[in-house]
A.B. asks: 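Dropping a structure here in structure tokens format, bear with me for questions.
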Amino acid sequence: MGATLKDATAIAGIGQTPFAKQLPESEKTLACRAIVAALDDAGIAPSEVDAFASYTMEETDEVEIAKAIGAGDVTHFSKVGYGGGGSCATVAHLAAAIATGQASVGVAWRSRKRGSGPRPWKNTQVQLPTPGQWTRPFGLLRPADEIAMLARRYMHEYGATRDHLFNVALACRNRANQNPAAIMYERPLTREMYMTARWISEPLCLFDNCLETDGALACVVVSAERARDCRQRPVFVHSAAQGLPAQHHGMVNYWNDDPLTGPAWTAARHLWKGADLGPQDVDVAQIYDAFTPLIPLSLEGYGICGRGEGAAFTEGGALEIGGRLPLNTGGGGLSEAYVHGFNLITEGVKQLRGTSTAQVPDAATCLVTAGEGVPTSALLLRS
């Protein structure tokens, strides 16, 4: 897939609503506002939209969205599963549709009222999915509990410490402190605050966990040729991939020979196979950060560093602006907003346009990843 998609399409517009713990508007209203803003950013009329892609967990649907924004006939629509694992795949599906002539103007979006809404795992009336039947009766009730198990295994295997997790939390918070749209704007994080914070699921404390946020984001995908004539500097989809490894079993990866080699490893092989670039060519990264341990696991999975080296990679300011690999430059899910990773896509676009609030000088390539631990996806964007 990556070889046929190489630079054939581009993200031409991005849009977002404000982020907050609680917004009064409905998810549909928020979605429409983000989509219309993205179309305006690209200079494309809503009537030209003929493709949609979103998450299976998205509670707004393309029928209502198309009517509300005034879209024309729609010839492609898809939804991607596995929560945050689907973020980059929404763009990949649109890119594939446009590159093969099924559509010409695609919109991907995520609208979510998680800050003011219920937690999905609180519903005890629904039958547990098969993986959950092997974990939740034994106390792994939330995603945080499952990732805590992987984190403990990672610490045991490779000597990672809470200081390494703090490096991740700090880098994301420092970038959010520069971003007026971030929930954690102008709210610094110190090592003392981190080390004395309450536990959520040991070894994960409060600051190892993402925010809970209301808000919506969207992006517009068109052909590379058309993107060059749009309102903004085009950001090309150089490569895209999804990853579902053999014998996968939810976040805990119980059935794998090695639970620490998650879906990122599968997605990465296909991402780099379809690219003219390699991990060493990435100028800036937006790596899915629902929980801090996902960063070292993803750094290893995508080949940024070697196996077992992800924790040590975070040392010495490596994740900060000016470091070896600046990441999550808008603040990410930990400190900007948690909207199932879609803000990582839009921040990647801002970096390659040169308009980020924490701009990496001369950034020309950006790796964007979706949720590690679940069937996942990734994008390699270039300017």
Side-chain angles (χ1 to χ4, degrees), residues 14 160-195 207-208 210 233 235 238 264 268 275 277-289 291-306 308-337 341 343-369 372 378-383:
I14 54 175
T161 68
R162 292 190 67 213
D163 272 308
H164 293 118
L165 301 183
F166 169 65
N167 292 339
V168 173
L170 180 64
C172 292
R173 181 63 67 89
N174 286 344
R175 301 294 78 75
N177 290 164
Q178 299 173 257
N179 177 8
I183 287 178
M184 291 298 175
Y185 178 56
E186 294 185 333
R187 296 174 65 180
L189 176 66
T190 66
R191 185 178 184 278
E192 182 181 8
M193 290 168 61
Y194 177 90
M195 291 297 174
F207 300 115
D208 292 307
C210 62
R233 178 181 179 180
V235 172
H238 182 68
L277 308 167
Q280 72 280 359
D281 300 310
V282 174
D283 296 324
V284 59
Q286 315 297 334
I287 296 181
Y288 196 89
D289 60 339
F291 308 99
T292 55
L294 299 185
I295 298 295
L297 290 172
S298 296
L299 290 171
E300 295 175 22
Y302 287 96
I304 302 298
C305 61
E309 297 175 359
F313 187 94
T314 69
E315 297 169 358
L319 309 181
E320 306 280 352
I321 301 296
R324 293 169 66 187
L325 184 66
L327 59 73
N328 298 9
T329 46
L334 288 166
S335 285
E336 181 187 32
N343 53 327
L344 300 177
I345 300 171
T346 54
E347 176 62 22
V349 172
K350 292 172 188 176
Q351 278 289 341
L352 299 186
R353 287 180 175 179
T355 60
S356 172
T357 53
Q359 185 61 45
V360 173
D362 303 317
T365 56
C366 181
L367 171 66
V368 186
T369 74
E372 169 61 336
L379 296 169
L380 187 60
L381 305 177
R382 73 163 189 85
S383 59

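Count residues from 1 along the sequence. When reading the values below, keep in mind they use all heavy atoms of this one structure, side chains included, and skip hydrogens, waters and symmetry mates.
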A.B. asks: Who passes salt bridge (Lys or Arg N to Asp or Glu O under 4.0 Å) against Glu347, sequence neighbours left out?
C.D. replies: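 If we apply the salt bridge (Lys or Arg N to Asp or Glu O under 4.0 Å) test to Glu347, skipping adjacent residues, there are no hits.
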A.B. asks: Atom CG in Leu344, atom CG in Leu367: separation rounded to 0.5 Å?
C.D. replies: 10.5 Å
A.B. asks: Does the Glu372 side chain pair with the main chain of Asp289, one donor and one acceptor, at a distance under 3.5 Å?
C.D. replies: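 No; zero donor-acceptor contacts below 3.5 Å.
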A.B. asks: With a 4.5 Å cut-off on side-chain heavy atoms, are Thr314 and Phe166 touching?
C.D. replies: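 With C-beta onward as the side chain, the pair stays apart.
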A.B. asks: More than 12 heavy atoms of other residues, nucleotides or ligands under 6.0 Å from CD of Glu192: is that the case?
C.D. replies: no
A.B. asks: Donor-acceptor check, side chain of Gln286 to backbone of Thr329, threshold 3.5 angstrom: yes or no?
C.D. replies: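 Present.
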A.B. asks: Could I get the full list of salt bridge (Lys or Arg N to Asp or Glu O under 4.0 Å) partners for Asp281, not counting sequence neighbours?
C.D. replies: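 Salt bridge (Lys or Arg N to Asp or Glu O under 4.0 Å) list for Asp281, sorted by chain: empty.
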A.B. asks: At their closest point, which heavy atom of Ala268 faces which heavy atom of Gly301, and how far apart are they?
C.D. replies: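 Scanning both residues, the minimum pair turns out to be CB-O, 3.2 Å.
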A.B. asks: Is the closest side-chain donor-acceptor distance between Gln178 and Thr357 under 3.5 Å?
C.D. replies: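 On atom types as modelled, these side chains do not qualify, holding no pair under 3.5 Å.
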A.B. asks: Tell me the closest heavy-atom pair linking Pro279 and Tyr302, and the distance in Å.
C.D. replies: CG-O, 3.5 Å
A.B. asks: Taking Asp208 for its side chain and Thr292 for its backbone only, find out whether a donor-acceptor pair lies under 3.5 Å.
C.D. replies: no
A.B. asks: Tell me, with the steps shown, if Leu294 and Thr369 meet side-chain contact (heavy atoms from CB on, under 4.5 Å).
C.D. replies: CA-CA 11 Å; Leu294 299 185; Thr369 74; over 6 Å; no
A.B. asks: With sequence neighbours left out, write down each residue that passes salt bridge (Lys or Arg N to Asp or Glu O under 4.0 Å) with Arg353, or none if nothing qualifies.
C.D. replies: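 Residues passing salt bridge (Lys or Arg N to Asp or Glu O under 4.0 Å) with Arg353: Asp41.
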A.B. asks: Could you list the residues that satisfy ring pair (Phe, Tyr, Trp, His ring centres under 6.0 Å) with Phe207, not counting sequence neighbours?
C.D. replies: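 Testing Phe207 for ring pair (Phe, Tyr, Trp, His ring centres under 6.0 Å), a comparison that skips the adjacent residues, returns none.
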A.B. asks: Could you check whether any side-chain N or O of Glu320 sits under 3.5 Å from a backbone N or O of Pro326, counting only pairs where one atom can act as donor and the other as acceptor?
C.D. replies: no
A.B. asks: Of all heavy-atom pairs between Gly310 and Pro296, which one has the smallest distance, and what is that distance?
C.D. replies: C-CB, 3.6 Å
A.B. asks: Under 3.5 Å, is there a donor-acceptor pair between the side chain of Asn179 and the main chain of Gly331?
C.D. replies: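 It does not hold such a pair.
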A.B. asks: Got a donor-acceptor contact below 3.5 angstrom from the Glu300 side chain to the Leu297 backbone?
C.D. replies: no
A.B. asks: Determine the sole option in Leu299, Val168, Val368 for which the side chain to side chain contact (heavy atoms under 4.5 Å, CB included) test with Ile287 is passed.
C.D. replies: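 Testing each of Leu299, Val168, Val368 against Ile287, the sole residue satisfying side chain to side chain contact (heavy atoms under 4.5 Å, CB included) is Leu299.
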A.B. asks: If you round to the nearest 0.5 Å, how far is CG of Leu379 from NE2 of His238?
C.D. replies: 12.0 Å
A.B. asks: With heavy-atom distances below 4.5 Å as the criterion, would you say the side chains of Glu315 and Asp163 are in contact?
C.D. replies: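 With C-beta onward as the side chain, the pair stays apart.
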A.B. asks: Testing the basics here: between Ala363 and Ser383, what is the closest heavy-atom pair and its distance to 0.1 Å?
C.D. replies: O-OG, 4.2 Å
A.B. asks: Sequence neighbours left out, what passes salt bridge (Lys or Arg N to Asp or Glu O under 4.0 Å) with Arg173? Give chain and number order.
C.D. replies: none
A.B. asks: In Å and rounded to the nearest 0.5 Å, what is the CG to CG distance from Leu325 to Leu319?
C.D. replies: 7.0 Å
A.B. asks: Show the nearest heavy-atom pair for residues Cys305 and Glu309, with the distance to one decimal.
C.D. replies: SG-C, 3.8 Å
A.B. asks: Please check if the side chain of Asn177 supplies one atom and the backbone of Met184 the other of a donor-acceptor pair under 3.5 Å.
C.D. replies: yes
A.B. asks: I'd like to know if the side chain of Asn328 reaches the main chain of Cys172, judged simply by a donor and an acceptor atom lying under 3.5 Å from each other, with no hydrogens or angles considered.
C.D. replies: no
A.B. asks: Tell me, please, which residues at least two apart from Phe313 pass ring pair (Phe, Tyr, Trp, His ring centres under 6.0 Å).
C.D. replies: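 Here no residue qualifies.
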A.B. asks: From Ile321 CD1 over to Leu327 CG, what is the distance, rounded to the nearest 0.5 angstrom?
C.D. replies: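 Between Ile321 CD1 and Leu327 CG, I get 9.0 Å after rounding to 0.5 Å.
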A.B. asks: Quick one: are Ser335 and Arg175 in side-chain contact, heavy atoms under 4.5 Å?
C.D. replies: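 Sidechains of Arg175 and Ser335: no contact.
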